[in-house]
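These notes are about the structure you will find just below.
Remember, it's 1-based here, ligands and their atoms both numbered in the order they're listed.
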Amino acid sequence: MRAALLDKPGAPLRIADVPEPEPADGQIRLRVHACGVCRTDLHLRDGEVEAGHLPLILGHQIVATDEDGRRVGVPWLAWTDGDCGYCLSGRENLCRHARFTGKDVDGGYAEYTVADERYCFPLPDGMSDVEIAPLLCGGLIGHRALRLAGDGVRLGLYGFGAAAHIICQVALHEGRRVFAFTRADDSEAQALACSLGAEWAGDAMGPGPEPLDAAIIFAPVGELVPAALRATAPGATVVCAGIHMSDIPSFPYRDLWEERVLRSVANLTRADAEEFIALAPEVPVRTTVQEFALDQAEEALTRLRAGAIEGAAVLRITGPPR
Ligand SMILES: [Zn+2]
Ligand SMILES: [Zn+2]
């Protein structure tokens, strides 16, 4: 099969013909139709997040069909031990032995993949393979971040890419008000945010038009943490939703004072996936997607690094039928 391989961090992905993976016990064989491109893939590509093995097939927003033709999604959480304290308390996202798709096990930048059946979930009709792919990480983990941000009405989204453009729609559906914080000159992201119903879009380093009750930081930029805290009202929660961020500069205690909460969100549970996949058609979430072919995977990552993707990047992968 054709696959995009990460041979070593810092090197461009290499398109190659490799043997099709064979399912082990409990795994199913999947024909990949689309795979979303996540910022985590870029962190793995650039060596900011460590690959579980090399060469590695990236990709953890996999839309595929199993051998019965059933359409399933394969998300970031690939496997957990099921018996540690975290797993037993409903927090399998923090399992100490968790394995992750496209990091510890090969992912979806390929024509075929295998996955543990217990961590795949059925996908609803009504969205195409390419449209639904960004829901599988930006949607799932974005929604976990939104939940953990609390019930605040005035919500700031920092970085308006794949996750934020989905979560903006969910937040509006919940009756919140959305403020989009982007690079000052990113007029395309600002226009996308306003077209989706954000009531304001502007420079992430400055305050918004009014104080925020909650903020989610999707961009991997540590400077945004004190900037977001400064933009909030007392009692607000600021959630860092990414797996990697540049160092956070020091900031005066008064920016955290008055019961502001700063926290991160890590990974997802299967319950998060079920909850979000049921919610998405009710909103209904619509995705803005830029499509790439499998052999353009490196180009998709380059454009993501440059901030040149509107909405979400997705690989459309149509391998030969078996
Ligand atoms: Zn992701
Ligand atoms: Zn565990």
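Hydrophobic cluster membership differs between M127 and V130, with clusters built from Ile, Leu, Val, Met, Phe, Trp and Tyr side chains linked at under 4.5 angstrom.
Listing protein N, O or S atoms at distances below 2.8 Å from the Zn ion (ligand 2), with waters left out, gives D81 OD1, C84 SG, C87 SG, C95 SG.
Salt bridge present: E210 and R177 bring a charged side-chain N and a carboxylate O closer than 4.0 Å.
At the Zn ion (ligand 1), the angle from SG in C137 to NE2 in H60 is 110° when rounded to 10°.
Applying the side-chain hydrogen bond (donor to acceptor under 3.5 Å, both in side chains) criterion to D46, with sequence neighbours excluded, gives R305.
Looking only at distances, a side-chain donor or acceptor of D213 sits under 3.5 Å from a matching main-chain atom of R154.
Side-chain rings of W76 and Y119 stay apart, their centers remaining 6.0 Å or farther from each other.
Around the NE2 atom of H97, the shell of radius 6.0 Å holds no more than 12 heavy atoms that belong to other residues, nucleotides or ligands.
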